[in-house]
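Step one of this worksheet: look at the structure below.
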Protein chains: 2
Amino acid sequence: MSIDRRKLIVDAATQSFALYGYKATTMDQVAKLAGVGKGTIYTFFTTKEELFDEIMNSLIQDMKRVADQEYDPGRTFFDNLSRILSRMLDYREKHQLAHKMVQEVRDMGTPKATEGLNRIERALLGYIEVKIGTAVEKGELKPCDPGLTAFILVKLYFALATEWPKSNEPLDKESMTDIFRSYLMDGIAPQ
Amino acid sequence: MSIDRRKLIVDAATQSFALYGYKATTMDQVAKLAGVGKGTIYTFFTTKEELFDEIMNSLIQDMKRVADQEYDPGRTFFDNLSRILSRMLDYREKHQLAHKMVQEVRDMGTPKATEGLNRIERALLGYIEVKIGTAVEKGELKPCDPGLTAFILVKLYFALATEWPKSNEPLDKESMTDIFRSYLMDGIAPQ
DNA sequence: GAGTGACCGAAAATGGTTTTTGGTCAATCA
DNA sequence: TGATTGACCAAAAACCATTTTCGGTCACTC
């Protein structure tokens, strides 16, 4: 059996997207990196977009794996939540491809990269939504709309982690957990 | 006493900024609209930016006036809060100049327009911060960092009002108030 | 028949030229 | 004589014709 050309292509493309971003990686470059003719790419993927989509799928799967690693059923919902969200933020910063996407969206607004980031966000929301459903069942949370609750928790976490520091002292992980607990678990009504 | 040229200029500039945005209004145009020579503008404002800044000051002052109008000391903190925030959102949509700024930032990212919107946001945060301080004093809220709390409340409100509808059914004003009450007043911990 | 790379049209980058624009200031009022 | 003006300037932006790049195809090769 000959070498797996498909894998060669996907690996080369992953590397190129991570290094140069979506817009700046060319199909010629991917072909050369993979050591295959350009035409060969098009026997596996009909367009550059489709190739990118597959790679984004893998990225999302990987993030899910990492999130699962962080989850500990022995801990409370909010503890797990803030650890998972913190880990996801970290992933976005440290993982080469994810980081490049963020940068490309910020600096050039490439539509396809934006779409990719949106898919990641939707996947994260879906993931948290499930965890919320479980927490509600286990009685760790009041009954609530899991979709809406996921949205609130994720948006708030990201706003605190990325926008708050723009005009204030950054919050460390523990403060974030405390804030989440006091504002969202207990509420800020007196008593 | 001759006509108030300064006012002529400010009015003309306000109209032009509202109609064409920051980038697309030229000092020549403002001069012509105001019916004065271009040089005259520079006897009152050293740069286009300074002229714009003064107009933004007026806008912010006006928003504050509108917010104050919405405030009713007889109502609860959360009721006032969500009515004020809803009114501010509405203002940004309906007020010609504010609306044009939002559009210009979205479509072209004009730095000076972005700065203007940031100033508005900071002013709003400051305004809410004061209201929170009062509410804490009156015992309507637990003691908390008013700056942080204002950030959380405003960010969450705007996310729910502008981002949530992108992939969900929009929330009407009453739902928003309910959400705020149940998530932030009472918290989502059981009991 | 799997694999390739020369080739194609469309889109984007390039760069040199023209136009616009924020800001100045000598001339001109009043 | 101090307020007002608009021709003027340099720098930035807009334009536009030309070239280059790039995603995708397909006749050819092995």
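Here is how names work: the chains are called A, B, and so on, in the same order as the sequence lines, proteins then strands, and each is numbered from 1. Side-chain atoms are counted along with the backbone in the values below, which use heavy atoms only and exclude waters and symmetry mates.
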### Message
Rounding to an integer number of Å, can you tell me how far A:L33 CG sits from C:dG5 P?
### Response
15 Å
### Query
Are B:Y71 and B:I128 linked, directly or through other ILVMFWY residues, by side chains that come within less than 4.5 angstrom of each other?
yes
### Task
Grab the CZ-C1' distance between A:F44 and C:dT4 for me, whole Å please.
13 Å
### Task
For the pair B:R6 and B:D11, find out whether any cationic side-chain nitrogen is under 4.0 Å from an anionic carboxylate oxygen.
no
### Message
Quick check: is A:I9 connected to A:L33 through a chain of hydrophobic side chains (ILVMFWY, heavy atoms under 4.5 Å apart)?
### Response
no
### Task
Indicate whether any N or O donor in one side chain lies under 3.5 Å from an N or O acceptor in the other, for B:D172 and B:S175.
yes
#### Entry: d(CZ, A:F45; P, D:dT25) in whole Å
15 Å
### Task
Measure from NZ on A:K32 to P on D:dT21 and round the result to the nearest Å.
13 Å
### Query
For every nucleotide of nucleotides 20-30 of chain C, 5' to 3': is a protein heavy atom under 4.0 Å from its base (B), only from its sugar-phosphate (S), or from neither (-)?
-SBBBB-----
### Query
How many Å lie between CD1 on A:I41 and C1' on C:dG5, as a whole number?
12 Å
#### Entry: Distance, rounded to the nearest Å, where B:D4 contributes CG and D:dT4 contributes P
10 Å
### Short side-chain N/O contact to D:dA3 OP1/OP2 from B:R5, under 4.0 Å
no
### Query
How long is the line joining CD of A:Q29 and P of D:dG24, in whole Å?
15 Å
### Query
For residues A:Y42 and A:T47, is any side-chain donor paired with an opposing acceptor at under 3.5 Å?
no
### Task
Kindly calculate the angle separating the two end axes of the helix from C:dG1-D:dC30 to C:dA30-D:dT1, each obtained from five base pairs, and round it to 10 degrees.
10°
### Task
Look at the rings of A:Y22 and A:F17 and say which category their plane angle falls in: under 30° parallel, 30 to 60° tilted, over 60° perpendicular.
parallel
### Message
Less than 4.0 angstrom from a charged side-chain N to a carboxylate O is my criterion; do A:E121 and A:K155 meet it?
### Response
yes
### Message
With a 4.0 Å cut-off on N to O distance, would you call B:D72 and B:R75 a salt bridge?
### Response
yes
### Distance-only donor-acceptor check, side chains B:E50 and B:T46, under 3.5 Å
yes
### Query
Roughly, in whole Å, what's the span from OH in A:Y20 to P in D:dC22?
13 Å
